[in-house]
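A short worksheet on the structure shown next.
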Amino acid sequence: MTAPVVSIVKHTDAYTSVKQAIELCDGLKEFNQRDSILIKPNIVAWDFELPFPPYGVITTTAVIFALVRILHEEGFGNIAVGEATLGVSGSIAKKIFKELGYEKLAEEFGVELVDFNEDGFDKVDVGGFEFAIAKRALQADKIINVPVLKTHNQCQVSLGIKNLKGCLSRKSKMQCHGKELDLEHAFPLIGEKLPIALTVIDGIYALAKGPGATGKAYRKDLLVASRDMLACDVVGAALMGYNASDVEYLKFFAGRSGRSVVGLSDIELRGERLEDHAEKYEYDWPWAEDDSGPAGFKKRGITGIAIRKYDSSLCTSCSKLYNPLLILLSSAFKGEPFPGIEVLSGKRQSASPGFEKTLLFGKCACLQNKDNPNIRQAIAVKGCPPDLGQLQKLLAEQGIHCDYDQYINYRRYIFNRYKKEDGFDMDMFIM
Ligand code: SF4
């Protein structure tokens, strides 16, 4: 078997660099002019209410525009861009397309913008159970996968294989975060069912402590491309300081396709030298060794509360609320210890004995603990995902008063820390 080729290109301007990355890996070699091409960016989420720094969180619009222009120049006329956004009260894909200026792609190049949530899903057997996968993704002749170079707090890195989770219905996304089915053995199955012809990792920004906007972004200025999604992810992981053999889902994906884990020595690298750009990015926040909460809580002297570290059974919709939960709890600390509270989330955590109150964050934690004899008094925030307003109300009834303004201030802080003079430019996203 010939070695898969992966190109690494320094970003100068999006058009030149994407073109170079594709050419270096012969990215369009197997494309035919009549192919229906689906581009899958990572634009699974946006926040229309609070400041949202998209750096390293979503694919830059500049890269998507460059890619469409290149395809158009090469004579490809049947191009669509699709995403199934997260969103509890309806899909927000069209709103995000509009916010980012994707409508210009439709006007200038005839690109079809597809909200997978509206377009529909087909059930596909992925090995003993079914996933609802976007019809458009299944019907496309070729998919160009355009993830971001980022870390992920539940599976270390989030690259091409992980980006395909955005092709699932909301229910199937949740299914990936099962009680028994492990996340890292779930989403890699999607890639086996889709015609991924090219992966282009957008590393203009890279994200530590991802996958969301509370992580820390860096201007990385790289593009990584390959016709081999696994090899592309292996290189992307190495650029963030992760060895593929230590990332469970990369091993799992490789094993299922009959390959041993692809090592860097099995890959033909073209372009920039990997070792000139590899930097370690932490994927997670430090947690107290006794699992009593984030290390930051201990530093602030917050006691009387044990917040159990979330696990991979926590869906993305709940994960997005975990940071606000921590900030709200922290805002309620006024110097006195909390009254002996244990905080549980996801589908696997069970209440321990010895606590006065148990905060059950979300429907799953409530179900998992509904008959748990260790619970003296439950504070059950039952929604799916739970509602922060209800959380504050229930805590206030217990004499614990959160300050939502502190969360808003935090969001302003994480947005304002990125400066244009340091290369953080919203023009890369809003066209
Ligand atoms: S409560 Fe949270 S973890 Fe449970 S299914 Fe809903 S979003 Fe997922």
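Taking a 6.0 Å sphere around CD of Glu275, one finds it holds more than 12 heavy atoms contributed by other residues, nucleotides or ligands. No more than 12 heavy atoms of other residues, nucleotides or ligands sit less than 6.0 Å from atom CD of Glu49. Crowding of Lys94 atom NZ: a count of heavy atoms from other residues, nucleotides or ligands under 6.0 Å not exceeding 12. Atom OH of Tyr413 has 12 or fewer heavy atoms from other residues, nucleotides or ligands within 6.0 Å.
Looking at Ser257, its side chain does come within 3.5 Å of a backbone N or O of Phe253 through a donor-acceptor pair. Under a 3.5 Å cut-off, the side chain of Lys299 and the backbone N or O of Pro294 do not form any donor-acceptor pair. Side-chain atoms of Arg411 come within 3.5 Å of backbone atoms of Pro51 as a donor-acceptor pair (strictly under, hydrogens ignored). Between the side chain of Thr199 and the main chain of Cys232, no donor-acceptor pair closer than 3.5 Å is present. Without hydrogens or angle criteria, Arg227 side chain to Leu198 main chain gives no donor-acceptor distance under 3.5 Å. No donor-acceptor pair closer than 3.5 Å links the side chain of Asp202 to the backbone N or O of Val148. Looking only at distances, no side-chain donor or acceptor of Asn117 sits under 3.5 Å from a matching main-chain atom of Ser91. Here the side chain of Ser292 pairs no donor or acceptor atom with the backbone of Ala288 at under 3.5 angstrom. Side chain of Glu83 to backbone of Val44: a donor-acceptor contact under 3.5 angstrom is found. With hydrogens and angles disregarded, a donor-acceptor distance shorter than 3.5 Å links the side chain of Ser313 to the backbone of Lys347.
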Exercise. Take Lys193 and Ile133 through the side-chain contact (heavy atoms from CB on, under 4.5 Å) test and state the conclusion after the steps.
Key: CA-CA 9 Å; Lys193 302 293 174 187; Ile133 301 179; 4.1 Å; yes
Quiz item: side-chain hydrogen bond (donor to acceptor under 3.5 Å, both in side chains) between Thr316 and Lys165: does it pass, once the steps are laid out?
Solution: CA-CA 11 Å; Thr316 312; Lys165 188 161 166 258; 3.2 Å; yes
Quiz prompt | Verdict with supporting geometry, Lys382 and Gln390, side-chain hydrogen bond (donor to acceptor under 3.5 Å, both in side chains) | solution = CA-CA 9 Å; Lys382 290 181 184 158; Gln390 199 204 6; over 6 Å; no
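Side-chain contact between Val9 and Leu222: absent, with no pair of heavy atoms (C-beta onward) separated by less than 4.5 Å. At least one side-chain heavy atom of Asp233 sits less than 4.5 Å from a side-chain heavy atom of Ile201. Residues Phe116 and Cys167 have side chains in contact (heavy-atom distance under 4.5 Å, counting atoms from C-beta outward). Looking only at side-chain heavy atoms (C-beta outward), Lys135 and Leu138 stay at 4.5 Å or farther from each other. In this structure, Cys25 and Val6 have side chains that are not in contact, with every pair of non-hydrogen atoms separated by 4.5 Å or more. A 4.5 Å side-chain heavy-atom check between Leu264 and Leu274 finds at least one atom pair inside the cut-off. Proximity of Thr85 to Ile43: side-chain heavy atoms (C-beta onward) are nowhere separated by under 4.5 Å. Residues Ile144 and Leu38 are not in side-chain contact: their nearest non-hydrogen atoms beyond the backbone lie 4.5 Å or more apart.
Partners of Phe415 under the ring pair (Phe, Tyr, Trp, His ring centres under 6.0 Å) rule, at least two apart in sequence or in another chain, do not exist in this structure. A search for ring pair (Phe, Tyr, Trp, His ring centres under 6.0 Å) contacts involving Phe187 returns Tyr249, not counting sequence neighbours. Not counting sequence neighbours, Phe121 has no partner by the ring pair (Phe, Tyr, Trp, His ring centres under 6.0 Å) test. For the salt bridge (charged side-chain N to carboxylate O under 4.0 Å, His left out) test, no residue two or more places apart in sequence or in another chain qualifies with Lys173. Looking at residues two or more places apart in sequence or on another chain, you find a side chain to side chain contact (heavy atoms under 4.5 Å, CB included) between Lys171 and Ser169. For Tyr102, the ring pair (Phe, Tyr, Trp, His ring centres under 6.0 Å) partners two or more places apart in sequence, or in a different chain, are Phe97.
Residue pairs meeting the salt bridge (charged side-chain N to carboxylate O under 4.0 Å, His left out) criterion with at least one member in residues 276-287, sequence neighbours excluded, are Lys220-Glu279, Arg273-Asp276, Asp284-Lys309. Sequence neighbours left out, the pairs with a member in residues 146-186 that pass ring pair (Phe, Tyr, Trp, His ring centres under 6.0 Å) are His185-Phe252. Sorted by first and then second residue, the pairs that involve residues 97-112 and meet salt bridge (charged side-chain N to carboxylate O under 4.0 Å, His left out), not counting sequence neighbours, are Glu112-Arg136. Listed by first and then second residue, the side-chain hydrogen bond (donor to acceptor under 3.5 Å, both in side chains) pairs involving residues 139-150 are Asp35-Lys142, Ser36-Asp141, Asn145-Asn163 (not counting sequence neighbours).
Interatomic distance, Leu325 CG to Leu359 CG, rounded to the nearest 0.5 Å: 6.5 Å. Rounded to the nearest 0.5 Å, atoms CG (Leu71) and CD1 (Ile79) are 4.5 Å apart. Within the model, atoms CG of Leu223 and NE2 of His11 stand 6.5 Å from one another, a figure rounded to the nearest 0.5 Å. Atom CD1 of Ile341 and atom CD1 of Ile400 lie 3.5 Å apart (nearest 0.5 Å). In this structure, OG1 on Thr59 lies 10.5 Å from CD1 on Ile39, to the nearest 0.5 angstrom. Rounding to the nearest 0.5 angstrom, the gap separating the OH atom in Tyr283 from the OH atom in Tyr242 is 6.5 Å.
Seen from the ring of Tyr205, Arg219 counts as a face-on cation partner, given the 6.0 Å and 45° thresholds.
No donor-acceptor contact under 3.5 angstrom links the side chains of Gln156 and Tyr281, judged on distance only. Between Arg300 and Ser330, the side chains place a donor N or O and an acceptor N or O closer than 3.5 Å (distance only, hydrogens not considered). Checking Asp228 against Ser226 by side-chain atom types alone, no donor-acceptor pair falls below 3.5 Å. In the model, Gln20 has no side-chain atom that pairs as donor or acceptor with a side-chain atom of Ser17 under 3.5 Å. In this structure, a donor-acceptor pair under 3.5 Å is absent between the side chains of Ser260 and Lys251.
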Please table the atom pairs, donor to acceptor, closer than 3.5 Å between any side-chain atom in residues 207-217 and protein atoms at least two apart or in another chain.
none

Table please: side-chain donor-acceptor pairs of residues 422-431 below 3.5 Å, with sequence neighbours left out.
| unit_1 | atom_1 | unit_2 | atom_2 | d |
| --- | --- | --- | --- | --- |
| Asp425 | OD1 | Asp427 | N | 2.9 |

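Aromatic ring orientation, Phe129 versus Phe131: perpendicular (interplanar angle above 60°, classes split at 30° and 60°).
Taking 4.0 Å as the cut-off between side-chain N and carboxylate O, Lys320 and Asp47 do not count as a salt-bridged pair.
Tested against Ser312, the residues Leu181, Asn153, Leu183 include a single side chain to side chain contact (heavy atoms under 4.5 Å, CB included) partner, Leu183.
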